[in-house]
Amino acid sequence: MTLASVGQKIISFVYFAIVAGNIGVENTGKYFFALSFTTIFVVFVDLGLTNVLVREGARFQDKGKEYAGSILGLKLILGLFSYAAAIIVIHLLKYPVETRQLIYLSGITMLFDSLHLTLYGVLRAMGHLQYEAGSIVVSQLLTLILGTAFLQLGYPLIFLILAFTIPSALNAIFAGAILIRKYRVSLIPKYDAGRAMQVAKIAVPFAIAAVLARLYSYADTMILSKMAGDEALGLYSIAYKVTFAFQFVPLALVAATYPRFSEYFVHNRDKLAFVFERSVKYLLLIVAPIVIGISLLAPDIITSVFKPAYLPAVPALRILLF
């Protein structure tokens, strides 16, 4: 999972560098805004439900399969409401037509992303991370190929969003096929009121944490877009993407340890404490050199990977790293 996350982030970073270098600062701002805007709303599709699925499935193996249908049923409803809310909000904010069209398609990508997040959540609970690891790299590679082809053909900006939509849909189909054919998991959405209430109660703290974390992570993008415009957001997106590229470190660790934390909480509290303590130490040992190194080399990194036009992004990059 760690190797896959590293590969995915490298490909993603290369792809963003290609996009930013070809479409200019202002269009980069529009592109980054569309992805960030729908990323805020995707949290309302999940609301911690996948975390509940992984935790309960890791603790009690049968529950993962039992909860899958109920959680998919809940997410189907939440997905429709979240997509409608995203469309309404972007209209109320009076963004131009091109930006709104990017949001429409990015919102569909959001729904596919949330779907395969839950499907892989079932596999995580069962301890099978290899499928998700493989799909992470393949889907990002497909985005790189499609996006680069669309750029070379001179297609409009919306096709760069489509380069995410197609792999995301294929990812959901792949995960669903693995669960149905190999592990005999029923993925038919269910609307069991009793189980839905049970899952919802468990999900509340996860939902609050997820919403606040998402607002914390992406509110800056919304504020910059309205107050400073697409060009400023385009510069900021470079700083954001460089720091985002290194999120594979905690994400890979969480993917591997979270199901085990849930298991040890029930069966072995001493082992839970030991694994948690070691995880924090390893994170600090890995992250500190990265932060210091990139801070010192920030101007060289920006000019060599991107174009000199993005050099004003250096102060933002140094702040975001810390």
Side-chain angles (χ1 to χ4, degrees), residues 4-42 83 86-87 90 95-117 134-175 218 221 224-225 229-242 244-245 247-248 302-310 313:
S5 297
V6 171
Q8 187 263 344
K9 293 298 180 187
I10 291 172
I11 298 168
S12 175
F13 185 75
V14 169
Y15 176 59
F16 188 77
I18 293 170
V19 169
N22 279 272
I23 64 176
V25 177
E26 187 174 344
N27 279 333
T28 298
K30 292 177 183 177
Y31 169 76
F32 183 69
F33 172 77
L35 296 176
S36 300
F37 183 84
T38 49
T39 299
I40 292 177
F41 282 89
V42 75
Y83 186 78
I87 301 303
I90 198 65
Y95 275 91
V97 174
E98 184 183 20
T99 303
R100 293 204 302 267
Q101 289 174 343
L102 296 177
I103 297 296
Y104 300 156
L105 184 56
S106 186
I108 294 172
T109 310
M110 164 191 80
L111 298 177
F112 282 124
D113 284 346
S114 184
L115 175 59
H116 69 66
L117 176 69
S135 69
I136 284 174
V137 176
V138 172
S139 62
Q140 191 63 58
L141 194 58
L142 183 56
T143 294
L144 172 65
I145 294 168
L146 289 172
T148 305
F150 293 150
L151 282 170
Q152 294 300 316
L153 292 169
Y155 286 178
L157 203 57
I158 195 168
F159 279 85
L160 295 181
I161 304 295
L162 186 63
F164 285 106
T165 310
I166 294 170
S168 186
L170 293 174
N171 215 348
I173 294 169
F174 172 72
Y218 292 98
T221 302
L224 268 175
S225 175
D230 291 328
E231 187 172 346
L233 185 57
L235 292 170
Y236 182 75
S237 69
I238 299 300
Y240 187 93
K241 272 293 182 180
V242 173
F244 183 77
Q247 285 191 3
F248 72 84
I302 294 295
T303 52
S304 60
V305 177
F306 303 96
K307 291 184 176 180
Y310 290 100

To the closest 0.5 Å, what do you measure between [atom1] ([X]) and [atom2] ([Y])?
X    : Y    : atom1 : atom2 : answer
T165 : L160 : OG1   : CG    : 11.0 Å
F41  : T38  : CZ    : OG1   : 9.5 Å
I18  : Q152 : CD1   : CD    : 9.0 Å
I23  : L151 : CD1   : CG    : 7.0 Å
L35  : I40  : CG    : CD1   : 12.0 Å
I166 : T109 : CD1   : OG1   : 9.5 Å

Between T221 and Y240, a side-chain donor and acceptor under 3.5 Å: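 No - no donor-acceptor pair under 3.5 Å links their side chains.
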Distance-only donor-acceptor check, side chains T28 and Y310, under 3.5 Å: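 Short answer, yes.
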Would a 4.5 Å heavy-atom cut-off, applied to side chains only, mark [X] and [Y] as touching?
X    : Y    : answer
Y83  : I108 : yes
F32  : L233 : yes
H116 : S168 : yes
Q140 : L144 : no
V305 : V14  : no
N27  : N22  : no

Evaluation steps, side-chain contact (heavy atoms from CB on, under 4.5 Å), between Y31 and I161: CA-CA 8 Å; Y31 169 76; I161 304 295; 4.1 Å; yes
Shortest non-hydrogen separation from [X] to [Y] and the atoms involved:
X    : Y    : result
S225 : Y95  : OG-OH, 2.7 Å
A163 : Y15  : CB-OH, 3.9 Å
S106 : A34  : OG-O, 3.5 Å
T39  : V42  : O-CG1, 3.0 Å
E231 : V25  : O-CG1, 3.2 Å
K30  : L102 : O-CD1, 4.0 Å

Whether F159 and F150 hold their rings parallel, tilted or perpendicular, with breakpoints at 30° and 60°: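 It falls in the perpendicular class, over 60°.
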Between F16 and F244, ring centroids under 6.0 Å: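 Ring-ring flag for F16/F244: false, centres at least 6.0 Å apart.
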Validation row, ring centre F13 to ring centre F306 under 6.0 Å: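 Under 6.0 Å, so yes.
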Main-chain N/O of M110 paired with S114 side-chain donor or acceptor, under 3.5 Å: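 Absent.
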Under 3.5 Å: donor-acceptor pair, side chain of S139, backbone of S135: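 Yes, because the side chain of S139 sits within donor-acceptor range (under 3.5 Å) of the backbone of S135.
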